[in-house]
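Chain A is the first sequence line, chain B the second, and so forth, proteins listed ahead of strands; every chain is numbered from 1.
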2 protein chains.
Amino acid sequence: MKEGPDITLIGSLIGDPARANMLSALISGKALTASELANEANITLQTTSAHLKKLEAGGLIRQRKQGRHRYFNLADEDVATLLETMMGLAAKKGHIRTRTGPKAPEMRKARVCYNHLAGEFGVQMFDSLIGRGFLLEERDEIAITDSGRDFIRGLGINLELLQKAKRPLCKSCLDWSARRSHLAGSLGTALLNHIYEKGWAKRLEDVRVVEFSRRGEAAFHNQFPRLTD
Amino acid sequence: MKEGPDITLIGSLIGDPARANMLSALISGKALTASELANEANITLQTTSAHLKKLEAGGLIRQRKQGRHRYFNLADEDVATLLETMMGLAAKKGHIRTRTGPKAPEMRKARVCYNHLAGEFGVQMFDSLIGRGFLLEERDEIAITDSGRDFIRGLGINLELLQKAKRPLCKSCLDWSARRSHLAGSLGTALLNHIYEKGWAKRLEDVRVVEFSRRGEAAFHNQFPRLTD
DNA sequence: ATTATAGTTAGATTAATATCGAAGTATGAA
DNA sequence: TTCATACTTCGATATTAATCTAACTATAAT
């Protein structure tokens, strides 16, 4: 890593495929061990160790020692925001991941993308919110409408709290599997949490698949109905 | 550039010092020729050409042919946003540019940083807004107060329009020269535009220096007084 | 103690790519 | 036509850094 302007280091850290894979894995918020990250990036543990050292030195990740394990996390919310921004731009520019799309059908159905819902369920939720006039899509910007505010508040979500956050409230995110937009941003995160809190789906360890129960699936479809147009 | 997840390409593009220098130069919004960018990055024109090709293929820049010149720009506002986000994170993590800070004294005084005001004038404006209770600084987040809203509206700035934008309204940005914070975000941009519109300073071509007139300087100090505490 | 698991460090190899020199293309000026 | 400027393409070189094997440290389990 040669000298260069301030953004060079961060760019080169993310610019390596192995490290990018690790960061992508960490973006779900779940703490992962070095071995898990090695597996995620398909490299040996030694190489992983070297990468983790660089990522930590660059301030992108943090580690917690616990017994003989080391758990790694993104350093803070800002790093997650940066990665989200990059993913969004990459999707818009058509840099779709060539190598590994979501393979398993459960992944295509519903999965965690960073910290919001993606997959068919994510797309359906987004379409439903747009279709009922709760969200407004203009070019690439998403805005919430007045009726949308009422709807979200009706779910018991504290909208004012979300708006104070640095992250944009509404943001679209292109879906790998469906090649359609779904909802990111702090509202997207809040809605995923809502799904967990209602018990519609379980938060699985280690995996990004979101597993809906039968009842949860029905409740989801009821809350975010598919509209025939 | 090996295969990898979607963010890898963008990361590696920004991760090269020469390219990062070029992108930093372009972030002011001014279109630059290949030769100018070569000069900015301190590399030969041949190497520059190769870099520009990659940046364009990656969707980060656009080019316009005009006679025997080629003018380069960032591809769109999203790219600028990404770079701003990265600069912000880099500053927070302490990855300050080691090599070249702003040299010329005019640069230290007032310059364009992305699309807001930086340098001593930028820092003073920021301090003044904080000191008069128009902005609130909590940890790394900046928020506008009710009296701040009144003040900004009083300048004739449409605050509601700014808040609808994707970009955060208020954001702090660490100053290279002053090592102090100044105001970025859409409000920062709006205030810089306000300075131009009032005729306090001229928008110079090719250079990032913001040149205040005598009268403009006085008006600026009047509008954003330095507070003795 | 002994063995197993989790991770780091060191050293060698290899692959990627930034860089430049030299030659070529395109536009404009004299 | 000739010359100059702006930029691209080609080919060679050199440097960087990602990767692996092997050896080492630390914690935990038996």
* Describe the nucleic acid contact of B/Thr48 in one word from base, sugar-phosphate, nothing, applying a heavy-atom distance below 4.0 Å. => nothing
* **Exercise: do A/Thr44 and A/Thr47 side chains pair donor with acceptor under 3.5 Å** => yes
* Asked: Between A/Thr33 and A/Glu36, is there a donor-acceptor pair closer than 3.5 Å when you use the side chain of the first and the backbone of the second?
  -> yes
What's the [atom1]-[atom2] distance between [X] and [N], to the nearest Å?
| X | N | atom1 | atom2 | result |
| --- | --- | --- | --- | --- |
| A/Lys53 | C/dA6 | NZ | P | 21 Å |
| A/Ile43 | C/dT8 | CD1 | C1' | 14 Å |
| B/Leu13 | C/dA16 | CG | C1' | 14 Å |
| B/Leu52 | D/dT9 | CG | C1' | 14 Å |
| A/Gln66 | D/dT27 | CD | P | 14 Å |
| B/Lys65 | C/dA26 | NZ | P | 9 Å |

* Quick one: does B/Gln46 reach the base of C/dG21 with a side-chain donor-acceptor pair under 3.5 Å? -> yes
Of the nucleotides [options], which one has an atom closest to the side chain of [X]?
| X | options | value |
| --- | --- | --- |
| A/Asp16 | D/dA6, D/dT19, C/dG21 | D/dT19 |
| B/Lys54 | C/dG7, C/dT9, C/dA18 | C/dA18 |
| A/Thr47 | D/dT19, C/dT9, D/dC7 | D/dT19 |
| A/Leu45 | C/dT8, C/dA18, D/dT9 | C/dT8 |

* Do A/Lys92 and B/Asp6 meet the salt-bridge criterion of a basic N to acidic O distance under 4.0 Å? -> no
* Asked: Would B/Glu211 and B/Lys202 pass as an ion pair if we require N to O under 4.0 Å?
  -> yes
* Structure fact -> Comparing nearest nucleotides in DNA chain C, the 5'-proximal residue of the pair B/Thr44, A/Thr33 is A/Thr33
Side-chain N or O of [X] less than 4.0 angstrom from OP1 or OP2 on [N]?
| X | N | value |
| --- | --- | --- |
| A/His51 | D/dT19 | yes |
| B/Arg70 | C/dA26 | no |
| A/Ser49 | C/dT9 | no |

